[in-house]
There are 2 protein chains.
Amino acid sequence: MGLRADYVTRPREWIASILAREPRFLSAAQIHQGLERDGARVSLSTVYRTLDRLQAKGDITVRPDADGEVTYMLCEPRHHHHHAICRTCGRVEDVDCAAMEQFAESLRAHNGFELDGHAIEFFGKCGACR
Amino acid sequence: MGLRADYVTRPREWIASILAREPRFLSAAQIHQGLERDGARVSLSTVYRTLDRLQAKGDITVRPDADGEVTYMLCEPRHHHHHAICRTCGRVEDVDCAAMEQFAESLRAHNGFELDGHAIEFFGKCGACR
DNA sequence: GGGATTTTGCGAATGGTTCGCAAATGAGGT
DNA sequence: ACCTCATTTGCGAACCATTCGCAAAATCCC
């Protein structure tokens with residue numbers, strides 16, 4: 001059942017460490033560049049495979065950006081919350097909100113829409129970039 | 001200034017008519033298939049170019065779907081609103097809401113986040129699919 | 001350390017999207 | 001209607017991100 005095995009390897013540790021220190025969505029290519037900058041030689045294929053694995057485990061959030069490039073961030077989508085994304089530096093801050101849930105409820109009543117999920121993204125500038 | 005010219009051509013009319021009758025996000029390939037089904041021979045390149053044009057004019061909304069494929073819908077992003085997307089048939093209904101705006105305001109106060117935009121998508125089942 | 005199994009790297013294949021250029025089409029004047 | 005000329009189209013090649021197949025290397029467990 002589930003994954004047959006789960007080896008701890010250098011490439012996986014390196015990739016995890018890149019993700020762990022970047023509070024923003026990164027593309028596979030960006031992660032790969034980060035690895036090279038750290039002197040860690042890892043193939044792009046491995047980056048993709050590791051990201052797939054992390055996604056399957058529910059450890060990362062996947063987000064296709066505006067032009068279709070897929071980006072990844074260490075962030076469990078398990079517990080429902082939203083993101084505030086800085087337009088300048090890309091920094092992501094978590095936003096969780098009961099108010100939003102309330103709003104979703106009211107929508108259910110108005111339209112004949114049986115709601116079972118929603119996704120929100122806020123854009124603007126974070127404290128550091130302002 | 002702006003676009004130098006703006007010819008009215010069959011391909012453009014056909015593509016617009018496909019978009020006009022589909023209240024859901026379509027990929028370039030889906031639009032192309034729709035054209036063939038109508039007996040309209042238009043190259044995929046032209047589909048892409050026409051979509052780019054419509055986007056530049058602000059007539060369509062562009063949305064990369066979960067796996068990065070880019071999809072398009074006739075819908076002016078000009079006036080701010082959100083979408084309720086049916087998980088079953090993909091039908092999109094507009095949702096506009098002052099309540100949401102209010103919520104956005106409160107967020108601005110709490111986090112040091114200078115908000116200048118947000119995007120929401122609701123998922124569920126529409127009346128027809130329920 | 002040895003051996004079975006998983007993971008990696010490489011290069012090739014894939015799929016969506018873009019580009020370059022010659023041929024076709026639309027707009028406007030005659 | 002016809003001409004002219006700028007714009008648009010179709011085609012095929014090019015491009016880029018992502019996936020795959022397979023042999024070599026790394027990991028785990030005994």
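The sequence lines fix the lettering, A, B, ..., with proteins before strands; numbering per chain opens at 1.
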Distance, rounded to the nearest Å, where Leu51(A) contributes CG and dT18(D) contributes P = 9 Å
task = Would you mind reading off the distance between Glu69(B) atom CD and dA17(D) atom P, rounded to a whole angstrom?
result = 17 Å
Spacing of Leu26(B) atom CG relative to dG16(C) atom C1', expressed in whole Å = 16 Å
query = What string of B, S and - do you get for nucleotides 9-15 of chain D 5' to 3' if you count protein non-hydrogen atoms under 4.0 Å?
reply = BBBB---
note = CH2 of Trp14(B) to CD1 of Ile31(B), rounded to nearest 0.5 Å, is 15.0 Å
Between C1' of dA17(D) and CD of Gln33(A), the distance in whole Å = 13 Å
request  = Keeping the roles fixed (side chain from His32(B), backbone from Ser43(B)), state whether a donor-acceptor pair exists under 3.5 Å.
outcome  = no
inquiry  = Can you tell me if Arg41(B) has over 12 outside heavy atoms packed within less than 6.0 Å of its CZ?
reply    = no
query = In whole angstrom, what separates Tyr48(A)'s OH from dT19(D)'s P?
reply = 7 Å
message = Taking Met73(B) as the starting point, is it possible to reach Leu35(B) by hopping between hydrophobic residues whose side chains are less than 4.5 Å apart?
response = no
ask   = Does Thr71(A) use its side chain to pair, donor to acceptor, with the backbone of Asp65(A) at less than 3.5 Å?
value = no
query = Can a donor-acceptor pair under 3.5 Å be found between the side-chain atoms of Tyr7(B) and the base atoms of dT25(C)?
reply = no
Asp65(B) CG - dG15(C) P separation (whole Å) = 16 Å
query = Where the side chain of Arg12(B) meets the backbone of Tyr7(B), is there a donor-acceptor pair that is under 3.5 Å apart?
reply = yes
task = Check the distance between dA27(C)'s C1' and Asp6(B)'s CG and give it to me in whole angstrom.
result = 12 Å
Atom-pair distance (OH on Tyr72(A); C1' on dT18(D)), nearest Å = 8 Å
